[in-house]
Number of protein chains: 2
Amino acid sequence: MFNHMVEHHLDRVFHALSDPTRRAILDRLAEGEATVGHISGPFPISFAAVSKHLGVLERAGLVTRKARGRERVCRLNPAALADARAWLGFHQRFWAERLDALDAMVGQKSGKPD
Amino acid sequence: MFNHMVEHHLDRVFHALSDPTRRAILDRLAEGEATVGHISGPFPISFAAVSKHLGVLERAGLVTRKARGRERVCRLNPAALADARAWLGFHQRFWAERLDALDAMVGQKSGKPD
DNA sequence: AAAAAATTTAACCAAACGGTTGAAAATCGA
DNA sequence: TCGATTTTCAACCGTTTGGTTAAATTTTTT
């Protein structure tokens with residue numbers, strides 16, 4: 001159902017999201033587009049490190065960078081979250097169903113409604 | 001709003017989900033609880049490797065392992081997906097809003113209607 | 001044309017990752 | 001009790017990660 005090349009893409013998206021600095025960059029970027037230097041400011045790591053983080057985010061499709069003069073303007077791509085969200089949504093619902101079925105089979109109603 | 005120790009937890013959940021073998025283990029586990037050996041079967045990697053993957057999933061709270069004799073029975077914990085899903089849901093919505101606002105602003109300035 | 005500014009790239013490092021094999025620790029069946 | 005079974009743990013290995021600094025690149029400013 002989900003199994004396509006999406007799998008490969010999910011690797012990159014989930015990996016990109018697994019780092020707190022990168023999630024902070026995304027938060028920062030949610031306030032509006034910004035240049036690499038502008039993004040880099042508040043972080044206690046080097047400029048180059050932030051640039052590499054942006055590379056990871058870009059390869060995951062979460063961020064786009066386009067040149068404007070000597071600067072690179074970074075912008076969020078909310079659509080890239082859709083795959084990850086779909087995976088989570090599907091599985092969370094599916095797991096819950098299966099576990100409910102298991103509970104029902106065991107016959108011990110835990111009394112937890114939907 | 002989200003920023004608590006949850007951050008630290010999100011690191012582990014997203015990282016756990018970033019590996020295709022681990023996602024496959026979760027898929028497998030969605031069919032019902034299973035022992036480590038049972039899970040390990042279909043995978044072309046060693047038993048110990050699967051055990052380590054299960055450790056990662058357990059530390060992320062996605063899976064619980066409980067002893068039953070000399071076996072360990074593994075089971076999904078759907079609740080653990082909630083945090084990740086909440087993060088994604090909030091951000092996806094928030095990003096979309098901000099970008100809509102940005103588009104509207106740009107549209108106003110350039111006189112281009114929506 | 002030269003200097004300054006914004007980014008990326010390259011080379012490097014320590015730590016973590018995903019994998020292996022083999023030994024250790026429980027528990028079960030004989 | 002002894003041997004087999006199930007699982008983890010420990011040590012190791014090559015690759016990736018997240019970070020650094022320094023050099024290279026591109027564009028703007030003077």
Side-chain angles (χ1 to χ4, degrees), chain A residues 7-29 32-77 84, chain B residues 7-29 32-77 84:
Chain A
E7 279 293 317
H8 189 236
H9 183 238
L10 278 182
D11 291 2
R12 291 198 282 243
V13 172
F14 281 132
H15 171 246
L17 294 177
S18 74
D19 183 274
T21 300
R22 282 193 293 264
R23 288 199 307 275
I25 289 176
L26 294 177
D27 288 346
R28 177 81 179 60
L29 233 30
E33 60 182 28
T35 68
V36 180
H38 197 207
I39 294 169
S40 175
F43 291 100
I45 59 180
S46 73
F47 197 92
V50 171
S51 180
K52 284 210 276 187
H53 277 306
L54 283 166
V56 173
L57 291 169
E58 192 176 38
R59 254 167 272 130
L62 293 164
V63 161
T64 59
R65 268 185 294 190
K66 66 179 170 199
R68 187 178 63 192
R70 65 185 151 182
E71 309 178 314
R72 278 357 174 251
V73 180
C74 305
R75 195 171 181 173
L76 293 176
N77 174 27
Chain B
E7 278 294 316
H8 187 237
H9 182 237
L10 279 182
D11 291 1
R12 290 199 282 243
V13 172
F14 281 132
H15 171 246
L17 294 177
S18 75
D19 183 274
T21 300
R22 282 192 294 263
R23 287 200 306 277
I25 290 177
L26 294 178
D27 288 346
R28 177 83 180 58
L29 234 29
E33 60 182 28
T35 68
V36 180
H38 197 209
I39 294 169
S40 174
F43 291 101
I45 59 180
S46 73
F47 197 91
V50 171
S51 180
K52 285 211 277 187
H53 277 305
L54 282 166
V56 173
L57 291 168
E58 193 176 38
R59 255 166 272 129
L62 293 164
V63 160
T64 59
R65 268 185 295 190
K66 66 180 169 196
R68 187 177 64 191
R70 65 188 150 182
E71 306 179 315
R72 281 351 176 255
V73 179
C74 306
R75 195 170 180 175
L76 293 176
N77 174 25

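Every chain is numbered from 1, with letters handed out A, B, ... down the list of sequences. Only this structure's heavy atoms are used, side chains among them; waters, hydrogens and symmetry mates stay out.
Pairing each heavy atom of A/Cys74 with each of A/Leu54, the nearest pair is SG-CD1, 3.9 Å.
For the side chain to side chain contact (heavy atoms under 4.5 Å, CB included) test with A/Val63, the passing option among A/Leu76, A/Ile25, A/Asn77 is A/Leu76; the others fail.
The side chain of B/Ser46 contributes no N or O atom lying less than 4.0 Å from OP1 or OP2 of C/dG19.
Rounded to the nearest 0.5 angstrom, A/Ser18 OG and B/Asp19 CG are separated by 11.5 Å.
Distance B/Phe43 CZ to D/dT7 C1': 17 Å, rounded to the nearest Å. A/Arg59 places its CZ atom 10 Å from the P atom of D/dG18, with the value rounded to the nearest Å. Across the protein-nucleic acid pair, A/Arg68 atom CZ and D/dT28 atom P stand 11 Å apart, rounded to whole Å.
Remark: the backbone N or O of B/His15 is paired with a side-chain donor or acceptor of B/Arg22 at under 3.5 angstrom. A/Arg65 places no side-chain N or O within 3.5 Å of a backbone atom of A/Arg72 that could act as its donor or acceptor partner. Within the 3.5 Å criterion, the main-chain N or O of A/Gly61 finds no donor-acceptor partner in the side chain of A/Arg12.
Between its two ends, the helix from C/dA1-D/dT30 to C/dA30-D/dT1 turns its axis by 10°, counting five pairs per end and rounding to 10 degrees.
Side-chain contact between A/Arg28 and A/His38 is present, with at least one heavy-atom pair separated by less than 4.5 Å. Contact of the B/Phe43 side chain with the B/His53 side chain is not registered, since no non-hydrogen atoms from C-beta on lie closer than 4.5 Å.
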Report summary line: Protein-proximity profile, nucleotides 6-18 of chain C, B/S/- by nucleotide at the 4.0 Å heavy-atom cutoff, equals SBBB-------SS
